[in-house]
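Values below: all heavy atoms of this structure, side chains included; hydrogens, waters and symmetry mates excluded. Along the sequence shown, residues are numbered consecutively beginning with 1.
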Amino acid sequence: RKLQSGGDDGIAYMSDETDLWFLCFDPSSRNPYTGYSWIPVLTSTAAAICSIAPLPFCKLVSNKGSGSYYGLYQYYDTNYGQCMNYPDGIDVDSSWRTARAFAIIGGISGGLSCLWFWFSGVIHHSSPSVDKLRWQASAATSLFACLSVGLSLLILDSNLCDDSGCKLASEGNVILAGCILFGVTGVVAFLGFPPERLPPLNPPEHHTVTTTILPDGRVVTDVVVTAVR
């Protein structure tokens, strides 16, 4: 709330200004995702799926020598033909722990950026500059997710791989694709523009309260309501 004092006329003005978020969604209205704005929405969705879905499984990397398959939390048991948990007491070195940590960080940050991109077309702020800033923050979050998901592949440098070394297996290639898609998402979002701002279902209002002090001491208050555009 802001108070502005008048001059000799004894008039004081008080205005009540509020930052507002409002919903812009109407099934019968036109699609707000136009031009480049569709690309980050779709690529972030694909990236999030590729980065998160393979993590619980066991064919992330394969040993070049033995041909055994390993994941972050399970390995492939050839005797049973299925994924099994690592035995208790297994030595998890720094590269392996780092890969696990960044896999979680990448999944969370990537999932958040995906949600922000999806909701950017239907939830807007009263200030267009805030919408643009949120779009750019989503782009930065996608680039951070790209880095985090890429660091989850440090499992290639862990003690799971002996002198023969390891290579990416099927699920590892899917995670690599998710890393690349997050990078594409961030770059395109920085180069493109946020979705079109559609008229809100219930336009938010801006209330301006003007208080006038008359010479005889009486106080007159006027309230002006205008729609925020």
Side-chain angles (χ1 to χ4, degrees), residues 33 36-120 137-190:
Y33 300 100
Y36 290 108
S37 63
W38 257 120
I39 300 177
V41 173
L42 296 178
T43 54
S44 64
T45 303
I49 294 173
C50 291
S51 302
I52 298 174
L55 293 181
F57 300 103
C58 58
K59 290 187 177 182
L60 187 62
V61 297
S62 63
N63 189 291
K64 293 181 180 179
S66 64
S68 301
Y69 291 102
Y70 303 106
L72 291 173
Y73 303 96
Q74 293 183 320
Y75 70 97
Y76 183 76
D77 190 315
T78 55
N79 294 325
Y80 292 95
Q82 63 182 12
C83 296
M84 304 287 289
N85 293 327
Y86 288 107
D88 295 335
I90 190 171
D91 179 25
V92 180
D93 64 359
S94 59
S95 295
W96 194 352
R97 288 195 298 270
T98 301
R100 284 180 170 181
F102 276 103
I104 296 174
I105 293 172
I108 294 174
S109 58
L112 287 175
S113 69
C114 177
L115 289 176
W116 289 341
F117 281 125
W118 271 106
F119 284 112
S120 62
S138 302
T141 305
S142 293
L143 294 178
F144 176 74
C146 171
L147 175 63
S148 299
V149 173
L151 288 174
S152 70
L153 298 180
L154 281 173
I155 192 174
L156 291 167
D157 194 41
S158 69
N159 57 3
L160 288 172
C161 305
D162 54 22
D163 295 337
S164 301
C166 287
K167 63 180 180 179
L168 291 178
S170 56
E171 290 153 11
N173 288 322
V174 174
I175 290 180
L176 178 60
C179 173
I180 296 173
L181 286 171
F182 272 131
V184 172
T185 300
V187 172
V188 173
F190 270 120

Look at the side chain of [X] and the backbone N and O of [Y], then say whether any donor-acceptor pair between them is shorter than 3.5 Å.
X      : Y      : result
Ser44  : Val41  : yes
Ser120 : Phe117 : yes
Ser142 : Ser138 : yes
Asp93  : Asn159 : yes

How long is the straight-line distance from [atom2] of [Y] back to [atom1] of [X], given to the nearest 0.5 Å?
X      : Y      : atom1 : atom2 : result
Leu60  : Ile175 : CG    : CD1   : 4.5 Å
Tyr75  : Asn63  : OH    : CG    : 14.5 Å
Ser109 : Leu147 : OG    : CG    : 9.0 Å
Ser62  : Tyr76  : OG    : OH    : 13.0 Å

> Any chance OH of Tyr69 has more than 12 other-residue heavy atoms, nucleotides or ligands included, within less than 6.0 Å?
Replying inline: no
>> Could you go through Tyr86 and Trp96, starting from their C-alpha distance and side-chain angles, then the distance that decides it, and tell me whether this counts as ring-ring contact (aromatic ring centres under 6.0 Å, His included)?
In response: CA-CA 13 Å; Tyr86 288 107; Trp96 194 352; 4.9 Å; yes
>> For Leu156 versus Cys161, what's the shortest heavy-atom pair and its separation?
In response: O-SG, 3.6 Å
> What's the shortest heavy-atom distance between Pro54 and Val174, and which atoms?
Replying inline: CG-CG1, 3.7 Å
> Could you go step by step and tell me if Thr141 and Ser113 meet the side-chain hydrogen bond (donor to acceptor under 3.5 Å, both in side chains) rule?
Replying inline: CA-CA 6 Å; Thr141 305; Ser113 69; over 6 Å; no
> Do Cys146 and Cys179 have their SG atoms less than 2.5 Å apart?
Replying inline: no
